Amino acid sequence: MVTQRPQWFADWDDPPPFIKALAEVRALSTREGWCFFHVQAIQVAIDQYAEAALGNRGFFLNKPYGVGPIRKGDVP
């Protein structure tokens with residue numbers, strides 16, 4: 001059975017260690033204040049990897065959520 005890759009990191013129940021490490025580095029890098037351009041280059045590299053390997057550049061960012069009904073039939 002072929003399983004479809006999750007579109008967001010939060011959708012993965014048990015991610016591989018490499019993907020888990022990338023998510024942790026991406027989250028921790030936002031707290032670093034020194035050497036901003038080096039940290040920004042690391043973030044861009046992680047995002048580019050996510051786009052190339054997983055198909056979603058914002059894979060490690062927060063999953064967007066909706067505030068309204070999902071189906072058009074739910075709207076009064």
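Quick caveat: nothing in here was measured; it's all calculated off a predicted structure.
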K.L.:
Between Ile19 and Tyr49, is there a side-chain heavy-atom distance shorter than 4.5 Å?
P.N.:
yes

K.L.:
Nearest 0.5 angstrom please: Asp47 CG to Arg26 CZ, how far?
P.N.:
4.0 Å

K.L.:
Heavy-atom distance under 4.5 Å between the side chains of Ser29 and Val39, does that happen here?
P.N.:
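Yes, their side chains come closer than 4.5 Å.
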
K.L.:
Would you say Val44 and Phe37 are hydrophobically clustered, going by side-chain heavy atoms of ILVMFWY under 4.5 Å?
P.N.:
no

K.L.:
Once you round to the nearest 0.5 Å, how far does CD of Glu51 lie from CD1 of Ile46?
P.N.:
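The CD atom of Glu51 sits 14.5 Å away from the CD1 atom of Ile46.
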
